[in-house]
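My questions will all concern the structure given below.
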2 protein chains.
Amino acid sequence: MSQSAAKPRVTSFEVAERAGVNQSTVSRALSGDPSITEQTRERVREAADALGYRVDARAARLRSGKTRTIAIVVITRPGMGATEINPFHYNLLGSTCAAASDMGYQALVSFQSEAGHFDGDYVETRQADGVVLLGTSTNDAAWDYHHAMLGRADVASWGSPFVDHPRVDSDNRQGARLAVERLLAGGHRQIAFIGDTREIQNQFRERYDSYCDVMGANELEHGPPVWVEGKTRVEQGRLSAAALIDSGRRFDGIFCSCDAMALGVLELLHERGVGVPDEVGVIGFDGLGSGAYSNPPLTTVEPDFRQAGVLLAEAALGESDAAKTRRVPVQLVERESVRKTR
Amino acid sequence: MSQSAAKPRVTSFEVAERAGVNQSTVSRALSGDPSITEQTRERVREAADALGYRVDARAARLRSGKTRTIAIVVITRPGMGATEINPFHYNLLGSTCAAASDMGYQALVSFQSEAGHFDGDYVETRQADGVVLLGTSTNDAAWDYHHAMLGRADVASWGSPFVDHPRVDSDNRQGARLAVERLLAGGHRQIAFIGDTREIQNQFRERYDSYCDVMGANELEHGPPVWVEGKTRVEQGRLSAAALIDSGRRFDGIFCSCDAMALGVLELLHERGVGVPDEVGVIGFDGLGSGAYSNPPLTTVEPDFRQAGVLLAEAALGESDAAKTRRVPVQLVERESVRKTR
DNA sequence: CTGAAAGCGCTAACAC
DNA sequence: GTGTTAGCGCTTTCAG
């Protein structure tokens with residue numbers, strides 16, 4: 001069929017020869033160096049087009065010392081398929097890629113779940129100028145592996161289970177406030193918090209603390225966090241809701257620490273014949289798309305993903321003060337799992 | 001604080017000196033060349049560790065002529081945020097990244113929506129060995145831009161609106177068969193098809209054709225495809241379902257060309273007081289996670305995403321016959337939008 | 001089994 | 001404004 005000869009790569013030298021200029025002039029002309037005459041640049045361009053020449057990015061980067069690339073590692077759990085990854089993390093991934101692109105950077109992405117395949121040395125090996133870590137906080141081996149780099153100026157992260165380093169995160173306190181106040185506005189008074197607040201779950205603890213504050217400010221009692229272990233967040237939500245009901249504790253509202261759990265809560269409430277939002281109002285956190293189709297559609301607190309991507313990319317590229325935690329603004333997404341305000 | 005001097009990069013020459021060997025020996029030792037004595041390799045390794053040496057990937061790739069990278073471009077629509085991207089495409093993206101990783105490749109990912117930012121020249125610029133194109137088929141400008149590369153041996157795609165090239169796709173005929181036969185098994189007889197079957201929508205037309213075949217084989221009448229334009233697939237589903245009801249045509253089952261539309265269909269049916277699955281059975285296509293939380297949970301046809309990723313990566317790397325369309329096996333995911341079989 | 005030498009294709013000082 | 005000259009850091013013949 002075709003010739004078995006290796007593709008004869010066209011180099012800048014050939015372009016130079018055809019355009020009748022020096023090779024370095026080709027480089028300058030094509031990279032937009034202003035000191036090149038428009039006329040020369042045009043001649044070079046023509047020669048390049050005629051030859052089908054394209055700059056070899058590897059050589060350009062080696063010589064220039066730059067990578068113009070940002071690495072994004074998404075932590076998942078062993079055995080987890082692409083469909084089981086939390087959509088929240090996909091959103092973060094998409095936003096970070098977009099932000100990187102806007103900043104003129106490429107995105108090298110890697111899904112990591114198992115020991116032996118962990119890798120965060122993108123900067124050391126000169127593959128990227130910075131790295132963004134995100135994904136499930138429930139893969140200890142993965143986070144342990146990456147722990148050491150979490151303080152670096154060229155590393156940004158979202159959702160790390162550690163508390164000893166700066167990060168990018170939702171404005172959890174404000175989000176919880178929005179949620180609880182909305183529940184109150186709907187006439188819900190006995191509001192329970194469902195979520196894991198162990199020390200390492202910093203985000204959830206911040207949401208819980210803020211929930212307690214808002215309840216207190218309204219002279220209402222807050223309860224202890226309700227949380228039952230389960231394989232997935234959805235299952236944790238189901239189990240927690242069941243435990244809450246079975247505990248006999250009275251409640252007419254639930255603030256869930258995340259949407260995936262809220263979806264499980266909604267399922268269980270439905271199965272137990274508890275009406276939402278009439279008997280019990282429910283609000284989640286994360287802005288999951290699935291919540292728009294749940295029964296009933298889930299009211300939730302959504303972070304500004306675009307902004308999240310920007311902050312993550314900037315932090316990884318050292319364009320912001322990496323020494324402090326950055327907060328992403330949140331907003332309430334009204335759907336139908338809370339009673340209407342009058 | 002720290003010294004303002006540029007980071008003094010450690011090279012293989014310094015490692016060589018410390019280990020008392022030649023620079024080329026360092027390269028061989030570290031790359032696992034079997035001709036190096038275990039003893040020498042160990043000495044080199046120690047020196048490298050002591051100096052914090054890491055191979056510069058840019059230099060290694062330039063010299064070796066390889067990239068060990070696959071580019072993945074996800075086509076979206078202008079103005080679309082990360083949360084609005086169809087989860088189906090995220091799943092495909094995740095699977096392709098995973099497959100690439102398993103094959104020893106990196107993944108360079110790029111979300112593209114607007115003219116001026118389109119780019120598919122990853123192979124020409126030696127940034128990747130192949131490219132995978134996926135995403136929404138409803139961005140003409142983007143696909144027109146990429147059209148020319150769709151036939152290449154180093155390019156694979158999913159969901160292109162063009163019909164003049166091989167691709168990777170679900171086994172649409174088999175999927176439609178599974179769906180319709182399941183509806184039939186649930187006692188649904190008057191089954192309508194909702195979806196866009198214009199020529200360029202090859203996937204949907206295949207699903208429609210297969211639906212017709214199965215209906216015919218069961219001596220049942222098939223109807224014309226029902227489809228109403230709308231901004232999003234969900235809206236299209238809502239509008240189409242409304243149109244179907246308003247047409248007065250009798251139906252007790254709906255096979256939807258995709259889950260996003262099915263979710264809209266479910267919403268509208270609920271609003272109109274039509275019971276699912278008792279009065280009308282509904283099945284979608286794509287295996288969207290959101291379907292698990294819809295009202296009722298949506299029975300659907302799901303492609304094997306893992307396999308999809310493998311086929312896409314292989315096709316992009318020329319490891320399979322790029323000249324022919326590859327089919328990804330599908331399976332029925334039973335949820336609750338169809339009547340139980342007896 | 002290891003050393004010597006070449007050079008991947010480009011960018012960037014430095015000349016003129 | 002353009003040419004000359006190095007050399008980025010590595011892999012890979014080719015010797016021995």
_Do the side chains of A/D56 and A/R58 get close enough for a salt bridge, i.e. N-O under 4.0 angstrom?_
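Looking at A/D56 and A/R58, the cut-off is met.
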*Would you kindly give the CZ-to-P distance between A/R9 and C/dG9, to the nearest whole Å?*
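Roughly 7 Å, once rounded to whole Å.
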_Residue-phosphate contact under 4.0 Å: A/T11 side-chain N/O, C/dG9 OP1/OP2_ =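 Negative; the distance criterion is not met.
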_Nearest-nucleotide 5' precedence on DNA chain C, B/N22 against A/V26_ =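 Its nearest nucleotide lies further toward 5', so the answer is B/N22.
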*Does a donor on one side chain and an acceptor on the other come within less than 3.5 Å for A/T138 and A/R77?*
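A donor-acceptor contact under 3.5 Å links the two side chains.
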*Distance, rounded to the nearest Å, where A/F13 contributes CZ and C/dC8 contributes P*: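 A/F13 atom CZ is separated from C/dC8 atom P by 9 Å.
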*Does the side chain of B/Q106 come under 3.5 Å of the side chain of A/Q127 through a donor N or O and an acceptor N or O?*
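Checked: B/Q106/A/Q127 side chains pair up, N/O donor to acceptor below 3.5 Å.
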*Go through DNA chain D in 5' to 3' direction and return only the first and the last nucleotide with some atom under 4.0 Å of chain B's heavy atoms.*
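Boundary nucleotides touching chain B, in 5' to 3' order, are D/dG9 to D/dC14.
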*List in chain and number order the residues that pass side-chain contact (heavy atoms from CB on, under 4.5 Å) with A/D129, two or more places apart in sequence or in another chain; answer none if no residue qualifies.*
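In terms of side-chain contact (heavy atoms from CB on, under 4.5 Å), with neighbours along the sequence ignored, A/D129 is linked to A/T67, A/Y105, A/L317.
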*Is the centre of the A/F305 ring less than 6.0 Å from the centre of the A/F88 ring?*
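Distance test on ring centres: under 6.0 Å, yes.
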*asked:* Under a 3.5 Å threshold, yes or no: a donor from one side chain and an acceptor from the other, between B/S101 and A/H117?
replied: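 There is no such pair between these side chains.
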All N/O donor-acceptor pairs, side-chain side in residues 41-48 of chain A, below 3.5 Å, sequence neighbours left out:
unit_1	atom_1	unit_2	atom_2	d
A/R41	NE	A/E38	OE2	3.2
A/R41	NH1	A/A29	O	2.8
A/R41	NH2	A/D33	O	2.9
A/R41	NH2	A/I36	O	3.4
A/E42	OE1	A/R45	NH1	3.1
A/R43	NH1	A/A19	O	2.6

_For atom CG of B/L30 and atom C1' of C/dT2, their distance in whole Å_ =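 These atoms are roughly 15 Å apart.
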*Check the side chains of A/R28 and A/S35 for a donor-acceptor pair under 3.5 angstrom, ignoring hydrogens and angles.*
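No pair is found: no donor N or O on one side chain lies under 3.5 Å from an acceptor on the other.
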*For residues 31-41 of chain B, which residues have at least one heavy atom under 4.0 Å from DNA chain C?*
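Those residues whose heavy atoms fall under 4.0 Å from DNA chain C, taken from residues 31-41 of chain B in numerical order, are B/S35, B/I36, B/T37, B/T40.
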_Separation of atom CD in B/Q23 from atom P in C/dC1, rounded to whole Å_ =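 To the nearest whole Å, that distance equals 20 Å.
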*Residues touching DNA chain C, which here means a heavy atom under 4.0 Å, drawn from residues 48-69 of chain B*: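 Correct list: B/L62, B/R63.
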*Return the set of residues passing side-chain contact (heavy atoms from CB on, under 4.5 Å) with B/R152 (not counting sequence neighbours), or none when no residue passes.*
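By the side-chain contact (heavy atoms from CB on, under 4.5 Å) rule, B/R152 matches B/V123, B/E124, B/M149, B/D154, B/V155.
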*Cut-off 3.5 Å, side chains only: do B/Q39 and B/T37 have a donor facing an acceptor?*
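B/Q39 vs B/T37: no donor-acceptor pair found between side chains.
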*What is the ring orientation for A/F118 with A/Y145, classed by angle as parallel under 30°, tilted 30 to 60°, or perpendicular over 60°?*
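Tilted.
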